[in-house]
Amino acid sequence: MSKKRKICEENRSFQNTWENEFLFINNKDNKPQCLVCLQVLSVHKEYNIKRHYTQHHAAKFKEYVGEARSTIVSDFKRKVSAQKSIFTKSTSTQKKALLASFVVSAEIAKAKKPCSDGEFVKRCSVKMASALGEQKIASEFENVPLSKQTVTRRIEEIGSHLVNKLKTIVADSVYFSLALDESTDVTDTAQLLIFIRTVSKDFVVHEELLGLEPLHNTTKGQDIYDAVMKVLNIYAYGDNNRLSVIVTDGAKSMRGVQTGLVGLLRKTGINCPALHCIIHQEALCGKILDMEVVMKTVIKCVNVVKGGNRALMHRKFLSFLTEMETEYHDIVLFTQVRWLSRGNCLKRFFALRKEIKQFLEENEKTDRELVTALSDSNFNCLLAFLTDITSHMNVLNLKLQGRNQTISDLVGHLDGFISRLKVFKSTLAKGNFVHFPCCKELMEEEIFDIDFQFSAEMLDKLLMQFSERFSDFNDMRSQLILFNNPINCDISEQEDTIQLELCDLQSDPFFQSRVEVGIDFWKLVPREKYPTLCDFSLRVASMFGSTYICECTFSTMKAVKSSQRSRLTDSHLHDFLRISSSSLTIDFGELVDASDRPQCSH
């Protein structure tokens with residue numbers, strides 16, 4: 001029995017003569033289609049095409065021959081083309097409306113606005129176009145779907161799109177590190193933020209939100225460990241050795257060696273270094289200063305003028321400052337949880353200390369002890385010194401903040417501040433207040449008996465804190481020196497496995513003349529010649545040094561899930577935070593193409 005041939009094996013093709021003879025064309029799907037009734041046949045077979053024409057259309061069109069028949073064929077082809085363009089134009093309009101919907105939804109998420117704002121944006125766009133006399137553009141704006149439910153779906157799709165991109169980045173990375181922090185939202189749900197910093201073989205660094213895990217029960221080390229492993233398994237992180245470092249806020253549930261996250265990770269074979277956030281440690285160092293006496297008085301004065309139910313008092317104080325034509329027009333409240341709050345509050349209070357004292361003296365209801373304290377020389381000396389030193393610490397804190405800083409950059413800022421403290425101590429010992437403008441201003445006024453002998457002891461305490469507290473970073477100091485300045489580092493202090501390659505690198509004339517440092521330098525080092533050194537540099541480049549990115553995202557979380565939007569689900573909150581914190585490019589074209597049936601607004 002002979003084998004039956006398949007149609008694809010017959011290699012049939014459309015013959016151009018069939019257009020005039022049978023009124024058929026070859027459509028976009030490579031199928032024969034009748035110009036008269038638009039019926040599509042399955043194969044390019046002359047018998048089938050001729051039979052269709054003879055049975056259905058021959059009686060009507062057989063009398064047309066020559067030029068008349070060619071005219072009829074051209075007319076039919078033009079009508080078919082017009083029909084196709086109508087559907088194509090409709091689809092194009094729908095895709096443009098869908099693209100605009102995705103773009104606006106992404107901007108709403110980045111701006112931390114409610115999903116219902118999409119309808120507001122649409123109304124404004126239509127009214128603007130109408131006001132400019134662009135009725136056609138206004139009608140196109142009307143077609144953009146931006147209802148609350150639609151914007152919610154768009155944000156979900158964008159979030160999934162970014163997750164898929166991040167999975168590719170994690171899979172292609174050589175090393176990665178994690179930054180973790182936990183805080184509660186407006187509904188008292190504990191939210192665990194997990195950020196990842198990846199580095200590819202080409203030294204391309206990404207810092208992205210890996211996951212937001214709600215902890216609805218306890219927040220013990222086991223709970224955090226389970227949440228971290230759940231997120232890591234979603235991204236198929238692979239080998240444990242790829243994890244270079246974990247940075248936490250220093251809580252016992254995070255750093256505990258037995259039941260904390262770090263201890264549980266050690267038991268599963270993940271032995272990477274665990275660092276306490278460098279910014280949190282810097283803030284803890286500042287607490288060694290004896291600021292309680294000064295801050296207690298400052299806070300009382302501020303609360304008398306501005307705190308609580310003091311609206312009338314505050315208005316009087318603002319009017320008083322306006323009359324005095326002061327540099328600042330208000331004082332600043334103090335909050336314990338904000339890193340820069342203490343320094344900003346003291347700076348503003350010191351600048352307005354005379355006006356505050358005069359205002360309190362004129363107010364009969366003011367506690368006289370506050371006025372007495374503001375007139376005390378010891379208090380004013382402490383206030384001036386603490387204002388200056390907290391201002392310097394705020395400068396350090398701002399340097400430590402920011403994304404995409406390497407761990408060597410952060411330690412460099414820290415070392416620079418320690419050197420500054422030593423300079424402060426030596427200049428103050430000589431009676432030189434060039435680096436302490438508030439102390440200098442107080443001395444020039446010659447109102448009080450000035451004595452800054454206490455400053456040396458305070459600076460010694462601060463120096464000791466900065467020298468002892470950052471032990472986890474100091475353990476990595478030789479590695480950070482090698483990463484930041486491999487040409488001039490001491491070879492004997494480095495690990496045995498990289499010493500020989502480091503000798504060759506330091507002897508290479510090309511690298512001896514380079515001025516690049518850090519990642520920019522290591523991009524020039526050939527991996528084939530220095531494989532161990534390149535692997536080392538990739539590991540260090542992937543390390544977080546702080547949880548700054550987590551703190552910023554918690555601020556975003558407070559804005560997104562506010563008291564007015566407290567019913568926002570955990571998954572939607574996750575999507576909002578991912579979009580607002582991501583530096584990845586959103587491929588809107590891919591999102592539009594993935595939509596099966598794009599719809600305009602009804």
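Since we're looking at a predicted model, the values are computed, not measured.
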Q: Any side-chain heavy atom of L212 sitting closer than 4.5 Å to one from L192?
A: no
Q: Any sub-3.5 Å donor-acceptor pair from R255's side-chain atoms to T248's backbone N or O?
A: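 No; judged by distance alone, with no hydrogens or angles, the pair does not exist.
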Q: Donor-acceptor pairs under 3.5 Å, side chain of residues 435-442 to any protein atom, not counting sequence neighbours: which ones?
A:
none

Q: Apply side chain to side chain contact (heavy atoms under 4.5 Å, CB included) to A351 and list each qualifying residue two or more places apart in sequence or on a separate chain.
A: Y328
Q: Side-chain donor-acceptor pairs under 3.5 Å in residues 450-459, sequence neighbours left out?
A:
{"from": "D451", "atom 1": "OD1", "to": "Q453", "atom 2": "N", "distance (Å)": "3.1"}
{"from": "S455", "atom 1": "OG", "to": "F452", "atom 2": "O", "distance (Å)": "2.6"}

Q: My understanding is that only residues two or more places apart in sequence, or in another chain, count here; which of them pass side chain to side chain donor-acceptor pair (under 3.5 Å) with S183?
A: none
Q: Just by distance, no angles: are the side chains of D570 and H216 close enough, under 3.5 Å, to form a donor-acceptor pair?
A: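 Short answer, yes.
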Q: Please report the shortest heavy-atom distance between A97 and N143, naming the atom on each side.
A: CB-O, 3.6 Å
Q: Does either side chain, that of S244 or that of S542, offer a donor lying less than 3.5 Å from an acceptor on the other one?
A: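 Yes.
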Q: Any side-chain heavy atom of K287 within less than 4.5 Å of one from Q465?
A: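 Not in contact.
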Q: From the options I356, L386, T387, L346, select the one residue that forms a side-chain contact (heavy atoms from CB on, under 4.5 Å) with V298.
A: L346
Q: What closest approach, in Å, do L166 and L584 show between heavy atoms, and which atom pair accounts for it?
A: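 Shortest heavy-atom separation between L166 and L584 comes out as N-CD1, 4.4 Å.
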Q: Just do the side chain to side chain donor-acceptor pair (under 3.5 Å) check on E213 and H574 with the steps written out, would you?
A: CA-CA 8 Å; E213 286 297 311; H574 192 178; 5.9 Å; no
Q: So, do R469 and L284 sit near enough that their side-chain heavy atoms are less than 4.5 Å apart?
A: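 A side-chain contact exists here, since the closest heavy-atom pair is under 4.5 Å.
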Q: Does K127 have any salt bridge (Lys or Arg N to Asp or Glu O under 4.0 Å) partners at least two apart in sequence or in another chain, and if so, which?
A: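 If we apply the salt bridge (Lys or Arg N to Asp or Glu O under 4.0 Å) test to K127, skipping adjacent residues, there are no hits.
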Q: Would you find a donor on one side and an acceptor on the other, under 3.5 Å apart, between the side chain of S177 and the backbone of F544?
A: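 Yes: the side chain of S177 pairs with the backbone of F544.
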Q: Name all pairs fulfilling the salt bridge (Lys or Arg N to Asp or Glu O under 4.0 Å) condition that reach into residues 418-432, sequence neighbours left out, sorted by first residue then second.
A: K425-D460
Q: Run the side chain to side chain contact (heavy atoms under 4.5 Å, CB included) test against M324 and tell me which residues pass, sequence neighbours left out.
A: F320, T326, E355, Q358
Q: Evaluate the criterion side chain to side chain contact (heavy atoms under 4.5 Å, CB included) for residue pair F195 and L210; output intermediate values, then yes/no.
A: CA-CA 5 Å; F195 272 85; L210 195 68; over 6 Å; no
Q: Any donor and acceptor pair, going by atom type alone, linking the side chain of S125 with main-chain N or O of V121 inside 3.5 Å?
A: yes
Q: Apply salt bridge (Lys or Arg N to Asp or Glu O under 4.0 Å) to E361 and list each qualifying residue two or more places apart in sequence or on a separate chain.
A: none
Q: Heavy atoms, side chains only, cut-off 4.5 Å: are V411 and F470 in contact?
A: no
Q: Answer yes when R353 and E445 have at least one side-chain N-carboxylate O distance shorter than 4.0 Å, and no when they do not.
A: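 Answer for the salt bridge query: yes.
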Q: Kindly say whether F141 contributes a backbone atom to a donor-acceptor pair with the side chain of K122 at under 3.5 angstrom?
A: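 Flag not set: sc K122 to bb F141 has no pair under 3.5 Å.
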Q: Are any of the side-chain heavy atoms of E107 and K110 separated by less than 4.5 Å?
A: yes
Q: Under a plain distance cut-off of 3.5 Å, with no hydrogens placed, do E208 and S583 share a side-chain donor-acceptor pair?
A: yes
Q: For a quick check under 3.5 Å, do S147 and T150 share a side-chain donor-acceptor pair by atom type?
A: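 Side-chain D/A pair, S147 to T150: present.
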Q: Partners of D415 by salt bridge (Lys or Arg N to Asp or Glu O under 4.0 Å), sequence neighbours excluded?
A: R477
Q: How would you list all residue pairs meeting salt bridge (Lys or Arg N to Asp or Glu O under 4.0 Å) that involve residues 383-395, not counting sequence neighbours?
A: none
Q: Kindly indicate whether the side chain of D249, heavy atoms from C-beta on, has any atom under 4.5 Å from the side chain of C277.
A: no
Q: Are any side-chain N or O atoms of E134 and backbone N or O atoms of S130, one a donor and one an acceptor, separated by less than 3.5 Å?
A: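 Checking the backbone N and O of S130 against the side chain of E134, no donor-acceptor pair under 3.5 Å is found.
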Q: Are the side chains of F334 and N303 in contact, using a 4.5 Å heavy-atom criterion?
A: no
Q: Could you walk me through whether F424 and H392 satisfy the ring pair (Phe, Tyr, Trp, His ring centres under 6.0 Å) test, starting with their C-alpha distance in whole Å, then the side-chain angles of each, then the deciding distance to 0.1 Å, before giving a yes or no?
A: CA-CA 10 Å; F424 296 159; H392 288 301; 4.4 Å; yes
Q: Taking only residues at least two apart or on different chains, which pairs with a member in residues 321-338 satisfy salt bridge (Lys or Arg N to Asp or Glu O under 4.0 Å)?
A: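 Listed once each, the pairs are K306-D330.
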Q: Identify the heavy atoms of L215 and D223 that sit nearest to each other, and give their distance.
A: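 Shortest heavy-atom contact: CD2-O, 4.1 Å.
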Q: Counting C-beta onward and ignoring hydrogens, is there a side-chain heavy-atom pair between L573 and Q191 closer than 4.5 Å?
A: yes
Q: Short question: side chain of S105, backbone of R154 - any donor-acceptor pair under 3.5 Å?
A: no
Q: Show every salt bridge (Lys or Arg N to Asp or Glu O under 4.0 Å) that has at least one partner inside residues 179-198, sequence neighbours left out.
A: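 Checked against salt bridge (Lys or Arg N to Asp or Glu O under 4.0 Å) - neighbours excluded - the pairs reaching residues 179-198 are D185-K561, R197-E207.
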Q: Counting N and O atoms only, with roles assigned by atom type, does the side chain of N380 sit under 3.5 Å from a partner on the main chain of L374, one being a donor and the other an acceptor?
A: yes
Q: Ignoring hydrogens and geometry, is there a side-chain-to-backbone donor-acceptor pair from S562 to K558 under 3.5 Å?
A: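 Looks like no, no N/O pair under 3.5 Å.
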Q: I'd like to know if the side chain of S341 pairs up with that of N344 as donor and acceptor (distance under 3.5 Å, no hydrogens or angles considered).
A: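 Their side chains do not contain a donor-acceptor pair, so the 3.5 Å distance test is not met.
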Q: Can you confirm whether R567 is buried at CZ, in the sense that more than 12 heavy atoms of other residues, nucleotides or ligands lie under 6.0 Å from that atom?
A: no
